Amino acid sequence: MIGIFFWLFAALLTVSGLLAITRRNAVSAALWAAVSFIAIAGIFVLLQAYFLAVVEVLVYAGAIMVLFLFVIMLLNLREEDLQVLEGPRLHILGVLLAAGFLGGLVWTCRRAGLYDAKNGAIKMTAESVGETKSLAAPLFMEYVLPFEIASFLLLAAIVGAVLITKKRLT
Amino acid sequence: MTVGHLITLSGVLFTIGMVGVMSRRNILIVLLSVELMLNAVALAFVGFGAWRGNLDGQIMVFFAITVAAAEVAVGLAMVIALFRLRLTVDTDRVSLLKD
Amino acid sequence: MREFNVALAAPEWILSATILVVLFQDARTRWDNKGGLGRTTWLGLLLATGCAMLQGWFVDTPATAFLGHYGVDGFSIVCKAIFGATALFVMAMADTWLKRVDRGHGEFRLLALMATLGMFFVCSVRDFAGLFVSLELITVSFYCLTAFKRNDERAIEAGIKYVVLGALATAFLLLGIAFIYGATESLWFHKIALTEASDGVGGNAALLEFGLLLTVLGLCFKIAAVPFQVWTPDVYEGAASPVTAFLSMGSKAAGFVLLLKVVRACLGPDGDAGIILATGAWAGLFALIAAATMLYGNLGALWQGNMKRLLGYSSIGHAGYVLMGVLAFNEAGFAAVVYYLMAYLFTVLGVFAVVIIVNGALRSHAITDYAGLGRKSPFLALVLTCGLLSLAGVPPMAGFFGKFLVFQAVVQLGTPVAYTVAFVGAAGVVVSMYYYLCVVKQLYMVEAPEGDTRLDGLVVAKPLKAVLWVCLIGIFVLGFLVQPFVAMAQDAAEALMAAR
Amino acid sequence: MAFLAWVTLLAPLIAAITLLVRPRLRGSSGGPKLAIFSVFICAATSLVFWLFRSETVTTSFEWMTVGDLTISIGLLVDNLSTLMLLVVGLVGSAIFVFARGYMKGDPSIGRFYAKFALFVFSMLGIVLADNFLMMFIFWELVGASSYLLIGYYFEKPSACDAAKKAFLTNRVADFGFLLGILMIWSLTGSFEFAKIADAVKDGDVSGPQWQLTLAGILIFVGAMGKSAQVPFHVWLPDAMEGPTPVSALMHAATMVAAGVFMIIRAFSCFDLGVGATALGGASMFIATTGGVTAFLAATIALVQRDIKKVLAYSTLSQLGYMVMALGAGAYSIAMFHLTTHAFFKGLLFLCAGSVIHGCHHEQDMFKMGGLRKKMPATFWCFTIGMFALMGLAPLAGFFSKDLIIDSLHQKHLVGLQIGATVTAALTALYMTRAWLLTFFGEYRGHATPHESPPVMTRPLKFLAFVSAVIGLVFYYGHGQDYLSAWHGKFAGPLHMDPTIAVVSTVAGVVGFLIALALYKKSHRGGEKIVARFPRLHSLLVEKYYIDDSYHWLVQNVQQVIARGCRWFEEAIVVGVLVGWPVGVTRWTGDRLRRMQSGRLAFYASCFVGGVTILILFLYTVAH
């Protein structure tokens with residue numbers, strides 16, 4: 001049952017990802033990207049990462065995509081501007097290099113025996129259930145330091161974004 | 001379904017994002033592609049975490065999402081600033097700095 | 001070990017407090033009354049750096065905090081001193097430079113302080129979560145600093161290139177961390193060596209190797225090494241000069257600190273080359289990266305007519321030399337890296353201080369415009385000459401000993417790969433001599449065109465003058481009175497090797 | 001004695017620093033006097049060492065410790081360094097005094113002397129260093145100060161280019177030297193000469209034999225730069241752009257000899273005992289390099305018009321002799337030739353300087369002539385120097401040059417021996433040509449030549465005297481004691497084969513006579529005779545025939561040789577050996593620059609490409 005859903009989400013993810021990078025129109029690209037984020041959230045659910053699935057939908061498909069759409073609308077690109085930006089220009093070499101990278105990754109997984117039914121099996125244990133409570137404990141105990149640093153990181157981003165988008169220097 | 005398949009799926013999405021960064025001229029879609037790549041990595045973390053049976057991977061995804069959000073915010077701010085100055089979002093036309 | 005021990009992170013707390021104070025101060029003062037921000041920043045930086053250095057005497061090192069996720073040892077203290085000094089120098093340059101920009105003082109200081117905070121954390125992190133987040137704190141701050149001059153097309157272009165390519169590199173780094181996590185079941189640095197020891201060359205090793213490769217490449221972006229080097233000249237040229245100075249020293253050094261930590265984590269407990277690094281493949285890989293980096297940087301700089309781009313290419317070349325120290329995979333090599341960074345601090349910041357002053361008068365970065373500086377402002381020309389010669393590695397400047405120690409560490413290995421990379425390095429040094437000398441020639445042997453009075457009567461503000469003097473003295477002290485600094489670098493490397 | 005060694009080293013440094021920080025001194029005559037005084041101190045202390053020192057003086061202190069590596073600063077005064085000190089001190093003193101006359105009226109004479117003293121300091125550092133690292137640092141200082149001095153007339157672009165060329169060429173070689181030093185360190189664990197020698201002798205070397213040989217070759221590459229051996233010789237003739245005293249001190253007597261000195265110092269470390277060396281196949285390479293340089297430079301010298309250029313090529317050629325001797329393992333003889341050469345070549349350069357000064361900075365020999373009468377002191381000194389260089393019987397060059405040919409003979413290097421003998425004839429030819437053109441015939445210039453003031457001629461006379469007697473002193477005196485390197489291994493008795501002496505003297509005489517036949521009657525002298533004795537027309541025709549043949553010789557043979565030499569130098573040496581790497585570097589640099597296209601998508605592709613290539617490298621090549 002899980003297997004069938006996995007393949008379903010995998011297909012959805014791949015197709016929506018491909019569509020997201022090939023659409024000429026930035027708005028439809030952003031919408032397809034949102035679909036792919038939802039597919040990822042679906043896989044998270046399958047892997048018992050329930051909290052992350054919610055975060056993925058809220059933050060990515062929600063907040064970040066809205067931000068994208070907002071900026072696209074703000075820029076108010078005219079039709080001729082969009083025409084200049086034709087579809088993707090794929091160079092054979094670029095695709096080959098990307099495929100080479102993927103090949104390297106797959107080869108690594110093979111060498112590590114990750115496709116092996118026994119070695120690579122995903123054990124659905126109780127410890128790895130990513131619920132709010134079970135994630136909160138390590139996040140605020142073990143990983144409180146990165147958490148604090150991340151808060152400064154967000155502060156930097158806020159300060160920077162405000163600085164850069166202010167109208168002009170006088 | 002093994003962890004190998006999960007990681008491969010994540011690799012496929014990563015590669016799709018990579019191709020997007022390499023081949024698109026619209027800077028907004030380039031940023032979008034980078035987001036796809038970071039999401040692919042999130043998938044890899046969760047996949048490895050499920051395989052290993054611990055939660056550290058999921059914690060890491062948390063930080064990855066934070067960083068992705070921060071980068072997108074800064075990136076989009078620059079796109080707005082660029083558009084104000086040059087009225088374009090075409091990366092090929094943003095090439096004053098070269099040689 | 002399983003304690004929070006919050007007080008240990010005092011330098012970081014001081015910096016964090018400074019950031020918050022500056023934030024509120026900025027909000028409460030009018031735009032034409034920002035002098036107080038500068039004072040707060042200076043005070044905070046001095047206190048934080050002083051506190052970090054005092055920890056060397058008053059803290060029983062190595063010590064850990066935050067349940068072992070934060071560590072203070074000899075290595076982190078030396079590195080924090082380097083970063084603190086860098087930030088202070090850059091602040092002194094920025095003080096003068098900011099006078100030309102009348103808005104955004106508060107933001108500039110805030111972002112620079114946050115980048116410094118990230119650098120301090122980088123010195124102390126002991127796991128990949130901390131590594132990732134602190135590195136990104138630096139990077140995001142620098143994205144914003146690069147695009148600081150937001151009505152300058154070049155600055156925005158540099159910012160966009162930096163953001164997109166930086167995010168791309170981040171993705172690779174993060175994927176690498178994911179694979180390491182898959183192999184070691186945790187995010188701790190020290191689990192890598194344990195996994196190597198228990199697993200040998202089994203399945204986990206394959207994951208680990210792939211993960212390490214991507215992680216190292218992700219760090220290559222920070223240090224501006226091949227294959228992630230192309231952004232460097234463009235961003236260096238586009239960003240404001242104090243930002244470029246900060247980028248070329250702070251950001252690069254942070255990358256090296258983390259690279260050293262990761263490489264150390266792969267070595268066995270006694271400092272012997274761990275199972276992965278011992279295969280020889282990794283020495284070859286690092287040698288390839290180092291050699292390609294040196295060639296790219298030095299050859300690319302050959303025909304540069306723009307001072308900042310030249311320094312960008314040269315900074316790529318220097319990343320290659322420092323990588324030679326890393327690829328020795330032993331204490332001598334790591335000590336050489338730390339010494340190189342110390343020498344580089346004085347050298348490159350001295351050069352940038354002159355560039356900022358000259359640019360203030362010229363409004364141009366063309367090397368041909370530097371003609372006649374030797375006659376018009378002998379002191380500036382002297383600092384620039386000494387800085388460039390030190391970059392080129394001419395004794396008895398600081399840069400010579402940096403290069404000497406690095407070459408020594410590599411040649412000591414005695415393998416054909418080591419000799420090859422040393423040879424490429426030597427060739428790179430020769431090539432670099434050419435373009436540095438071209439600049440020196442402009443200073444002393446070419447006259448400024450008739451009627452060009454832009455360089456006449458350059459006034460150097462006090463803080464910048466202090467930076468120039470400190471850098472000049474530093475260049476010579478690190479070239480003559482080598483012993484104490486070498487000992488310091490060595491202690492740092494020893495502490496790094498002893499780190500668990 | 002140790003104290004004296006420090007005094008010797010530091011005296012010129014103190015003078016240089018004083019001149020630097022007291023600008024008032026620079027304008028007055030006090031500045032030059034101070035510098036001259038400091039060099040006199042060096043000369044005096046070196047004489048003290050020479051006459052009263054009975055054993056090797058060493059003094060050192062620790063500078064820094066890096067792990068198991070200790071670097072010390074130390075001085076070593078043994079036979080070898082004493083002799084070299086003497087050369088630097090005496091020749092230096094003469095040239096420093098001479099320069100006061102030559103540079104008179106130059107507004108920045110103080111700056112000149114500051115740089116000059118700095119150079120002497122760096123040179124003494126090389127001579128006195130007791131370890132490789134210190135030697136390297138002073139080696140670089142010599143390079144830097146020579147850069148300053150060659151570029152002294154920095155308003156002339158050619159001087160700037162020459163300075164840069166010299167510095168860069170030397171830097172290329174220096175990195176060979178540095179790698180060699182590091183290799184030796186990794187093999188023996190020390191930088192100190194004494195310890196390295198012990199380690200090599202006891203076989204306490206952590207590596208195969210070929211690595212030691214490679215280290216030797218790399219060190220030799222360093223010497224090739226300073227001593228201007230093919231293909232690194234290109235900088236030396238250009239370096240004549242500097243003031244003539246600079247050429248005399250650096251590019252004739254001391255700096256170029258530093259390479260030879262360093263090789264002797266270094267290779268005595270590789271000595272394994274009776275005649276054997278750890279260098280293996282490297283010696284043949286060294287000897288051949290020397291031979292090629294000697295011959296090539298001598299042929300080029302034949303066609304030069306500029307008097308300083310003739311001497312420059314002659315210096316190259318003589319350095320080639322020394323390197324040949326090094327290749328043949330005759331270190332003490334190389335040192336002997338170094339010593340004699342320093343004196344007579346210093347003398348010849350100063351004479352040239354005197355001539356140039358007298359002719360108001362004219363350097364073209366075809367615009368000189370007849371100076372024998374006008375500058376008698378200079379003429380006689382030049383004559384002594386010339387015969388010393390050609391190897392006339394009791395003068396300095398006779399002993400040292402013939403001993404070199406003899407050492408080649410003993411090693412059965414027949415080709416090099418013949419080459420060296422032919423070069424001896426060529427040496428006589430070009431020196432006589434220069435001598436005749438400058439001092440005989442009619443004056444062809446526009447200025448009014450005059451003899452130089454005593455401040456310039458006195459150093460000439462002093463050097464001429466030394467050049468005349470030094471060979472005799474060494475050969476019949478206790479020369480072999482002083483020529484023995486510091487381990488006492490190369491001391492073999494100075495003994496010359498009479499046959500070889502006769503053959504090389506004959507070669508010299510042949511060269512001398514050819515030059516005499518070609519240049520004794522100048523073109524203008526011929527015209528005069530035609531005008532006065534029209535009846536001797538047929539004879540004049542014959543004379544003209546000689547003149548024509550001379551012309552033809554100049555036009556065809558000489559030109560062909562010149563063109564051939566120039567082609568060889570430009571196309572093969574500069575073009576292929578030096579130019580090829582430069583061209584490739586330039587081309588690649590340009591490509592890289594264009595690769596930096598400024599386009600984001602392309603940069604991203606570079607990233608991805610780099611990652612993929614490195615993954616493939618790790619998985620295929622590296623594993």
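Since we're looking at a predicted model, the values are computed, not measured. By convention in this document, chain letters (A, B, ...) are assigned in the order of the sequence lines, proteins followed by strands, and residues within each chain are numbered from 1.
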message: Treating C:Glu157 as the side-chain partner and B:Leu96 as the backbone partner, does any N or O pair qualify as donor plus acceptor under 3.5 Å?
response: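 Such a contact is found between C:Glu157 side chain and B:Leu96 backbone.
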Looking at [options], which has the largest count of heavy-atom pairs under 4.5 Å with chain B?
options                                : value
C:Asp234, C:Val163, C:Val164           : C:Asp234
C:Val140, C:Ile156, C:Ile160           : C:Ile160
C:Thr139, C:Val133, C:Asp152, C:Ile177 : C:Ile177

Contacting moiety of [X], where chain B heavy atoms sit under 4.5 Å:
X        : value
C:Phe172 : both
C:Leu137 : neither
C:Asn306 : neither
C:Ala183 : backbone
C:Tyr143 : both
C:Arg154 : both

Sort out for me which of [options] touches chain C most, counting heavy-atom pairs under 4.5 Å.
options                          : answer
B:Ile7, B:Val74, B:Val3, B:Val67 : B:Val67
B:Ala70, B:Gly57, B:Ala42        : B:Gly57
B:Val72, B:Val79, B:Asn54        : B:Asn54

Mind listing the closest non-hydrogen atom pair of [X] and [Y] along with its distance?
X        : Y        : answer
C:Leu175 : B:Ala44  : CD1-CB, 4.3 Å
B:Val34  : C:Ala167 : CG1-CB, 3.4 Å
C:Ala147 : B:Met78  : CB-CE, 3.7 Å
C:Ala171 : B:Val41  : O-CG2, 3.8 Å

message: Taking the side chain as everything from C-beta on, heavy atoms only, tell me whether C:Leu174 gets closer than 4.5 Å to B:Met60.
response: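 SC-SC contact between C:Leu174 and B:Met60 confirmed.
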For the [atom1] atom of [X] and the [atom2] atom of [Y], what is their distance to the nearest 0.5 Å?
X        : Y        : atom1 : atom2 : answer
C:Glu136 : B:Glu71  : CD    : CD    : 5.0 Å
C:Leu131 : B:Phe63  : CG    : CZ    : 12.5 Å
B:Ile80  : C:Arg150 : CD1   : CZ    : 12.5 Å

- request: Any salt bridge (Lys or Arg N to Asp or Glu O under 4.0 Å) involving residues 44-55 of chain B? Give me the pairs, sequence neighbours left out, ordered by first then second residue.
  value: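 Qualifying pairs, neighbours excluded: B:Arg52-C:Glu185.
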task: With a 4.5 angstrom heavy-atom cut-off, could you sort out which part of B:Phe14 is near chain C: side chain, backbone, both or neither?
output: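 Just the side chain, heavy atoms under 4.5 Å.
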- prompt: Does any heavy atom of chain C fall under 4.5 Å from the side chain of B:Val94, the backbone, both, or neither of them?
  reply: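 Both backbone and side chain.
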query: Parallel under 30°, tilted from 30 to 60°, perpendicular over 60°: which one fits the rings of C:Tyr181 and B:Phe45?
result: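 Rings of C:Tyr181 and B:Phe45: tilted, 30 to 60°.
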